[in-house]
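Below, chains carry the letters A, B, ... as their sequence lines are ordered, and counting in each starts from 1. When reading the values below, keep in mind they use all heavy atoms of this one structure, side chains included, and skip hydrogens, waters and symmetry mates.
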2 protein chains.
Amino acid sequence: MREYQEKAVLEEDITEIIKAGQFAPTNRNNQAIEFIVVRDQQTKEKIFEIVGQEFVKEAPVLIIPVSDTTQTKCPVQDLSVASENMFLQATALGLGTVWKALKMEDAEEEEDKIRKLLEIPEQYMVINIIPVGYPKEKPIPHTDKDFKAKKIHHEKW
Amino acid sequence: MREYQEKAVLEEDITEIIKAGQFAPTNRNNQAIEFIVVRDQQTKEKIFEIVGQEFVKEAPVLIIPVSDTTQTKCPVQDLSVASENMFLQATALGLGTVWKALKMEDAEEEEDKIRKLLEIPEQYMVINIIPVGYPKEKPIPHTDKDFKAKKIHHEKW
């Protein structure tokens with residue numbers, strides 16, 4: 001979802017979304033993910049200046065999951081799995097989200113800037129920003145028509 | 001889940017699990033993930049020789065998701081998100097799974113060996129093996145008691 005209503009998002013819904021992220025499996029159960037919740041408009045504007053995309057300013061809430069790289073060998077996997085749980089929980093609550101990736105080309109620069117802005121300690125990895133809000137349009141769910149059986153290979157490629 | 005019953009897993013359940021993986025969001029909607037399904041005991045033994053872990057031999061089915069690195073800049077994220085969807089779908093069907101990561105220290109070697117064994121083209125990334133079977137023990141779901149509110153930071157760290 002890239003367009004959000006102005007309608008406020010309940011704090012308890014944000015908590016449920018983060019809970020889904022916290023309960024996601026992590027490499028050797030490291031549970032080293034923490035979450036920054038941004039509602040302040042000025043901070044959202046500053047994040048927009050770093051990563052672009054109008055929806056970063058427009059979504060009522062941004063959640064930034066971060067992983068302590070001193071406690072996991074797989075921070076990208078851990079953060080990705082947690083993010084997907086958060087997407088699914090948000091959708092279940094009627095909310096919309098999108099994965100705003102920090103650009104790969106200059107990922108470290110964007111990551112550093114976000115860390116500095118939000119005062120996140122150096123050892124935490126940031127790979128994405130998750131806006132949360134009521135979507136302007138209802139997404140069309142996937143159906144079996146979208147399923148591609150030819151992408152399944154039996155026993156070997 | 002690391003211990004599985006011998007009870008057979010229906011092909012239609014495997015299809016539903018893969019469908020959940022296929023319908024996962026991917027970077028710029030690349031949809032570049034394909035899936036190898038292994039049921040052959042000899043192949044499972046060979047995979048065990050590469051990656052270890054008894055459950056690799058014992059689970060009735062192994063699913064190996066792979067991502068075409070010529071079509072995505074974020075194969076690790078894409079595969080992680082798809083894997084989580086597959087875990088959730090498997091759980092919803094009463095099945096158990098676990099993320100068997102290819103070891104990070106010699107990941108490329110393990111990845112190469114798996115690719116050769118299953119005849120997966122070079123350009124596809126492999127990060128994990130997903131065993132599927134009926135679990136010997138029912139997992140205890142997370143409850144609010146496991147939730148750590150102190151891992152949420154408001155506005156900044």
Could you tell me which portion of [X] (side chain, backbone, both or neither) has an atom closer than 4.5 angstrom to a non-hydrogen atom of chain B?
X	answer
A:Glu11	side chain
A:Leu88	side chain
A:Ile33	backbone
A:Thr143	backbone
A:Lys150	backbone

When only pairs under 4.5 Å are counted, which of A:Asn85, A:Thr43, A:Ile18 shares the most heavy-atom pairs with chain B?
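It is A:Asn85.
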Tell me, do [X] and [Y] make a side-chain contact under 4.5 Å, heavy atoms counted?
X	Y	value
B:Val81	A:Val81	no
B:Trp157	A:Glu34	yes
B:Ser83	A:Gln77	no

query: Nearest 0.5 Å, what's the CD1-CD1 distance between B:Ile14 and A:Ile152?
result: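 The distance works out to 9.5 Å.
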So CD of A:Glu84 and CG of B:Asp78: to nearest 0.5 Å the spacing works out to 11.0 Å
Portion of B:Ile63 that has a non-hydrogen atom of chain A nearer than 4.5 angstrom =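 Contact with chain A is absent: no heavy atom of B:Ile63 under 4.5 Å.
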*Please say which of A:Leu118, A:Ile36, A:Val38 ends up in a side-chain contact (heavy atoms from CB on, under 4.5 Å) with B:Glu155.*
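Testing each of A:Leu118, A:Ile36, A:Val38 against B:Glu155, the sole residue satisfying side-chain contact (heavy atoms from CB on, under 4.5 Å) is A:Val38.
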Answer yes if [X] and [Y] sit in the same cluster of Ile, Leu, Val, Met, Phe, Trp and Tyr residues linked by side chain heavy atoms under 4.5 Å apart, and no otherwise.
X	Y	value
B:Val98	B:Ile50	yes
A:Met86	A:Val132	yes
B:Tyr4	B:Val9	no
A:Met125	A:Ile130	yes
B:Val37	B:Leu95	yes

Most heavy-atom pairs under 4.5 Å with chain A, out of B:Pro65, B:Ser80, B:Pro141, B:Ala149, belong to B:Ser80
Practice prompt. Tell me, out of B:Gln22, B:Glu119, B:His154, who's got the most heavy-atom pairs with chain A below 4.5 Å.
Written response: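 Most pairs with chain A among the choices: B:Gln22.
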Do we see a donor-acceptor contact under 3.5 Å between the side chains of B:Gln31 and A:Lys148?
yes
Query raised in the report: Does the pair A:Lys19 and B:Asp146 meet the rule for a salt bridge (charged side-chain N to carboxylate O under 4.0 Å, His left out), with working shown?
Result: CA-CA 9 Å; A:Lys19 210 179 273 178; B:Asp146 303 320; over 6 Å; no
In terms of heavy-atom contacts, does [atom1] of [X] have more than 12 from other residues, nucleotides or ligands at under 6.0 Å?
X	atom1	result
A:Gln42	CD	no
B:Glu137	CD	no
B:Gln123	CD	yes

- [ ] Describe, in one word, how the ring planes of A:Phe23 and B:Phe147 are oriented to each other, choosing from parallel (under 30°), tilted (30 to 60°) and perpendicular (over 60°).
- [x]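 Correct class here is perpendicular.
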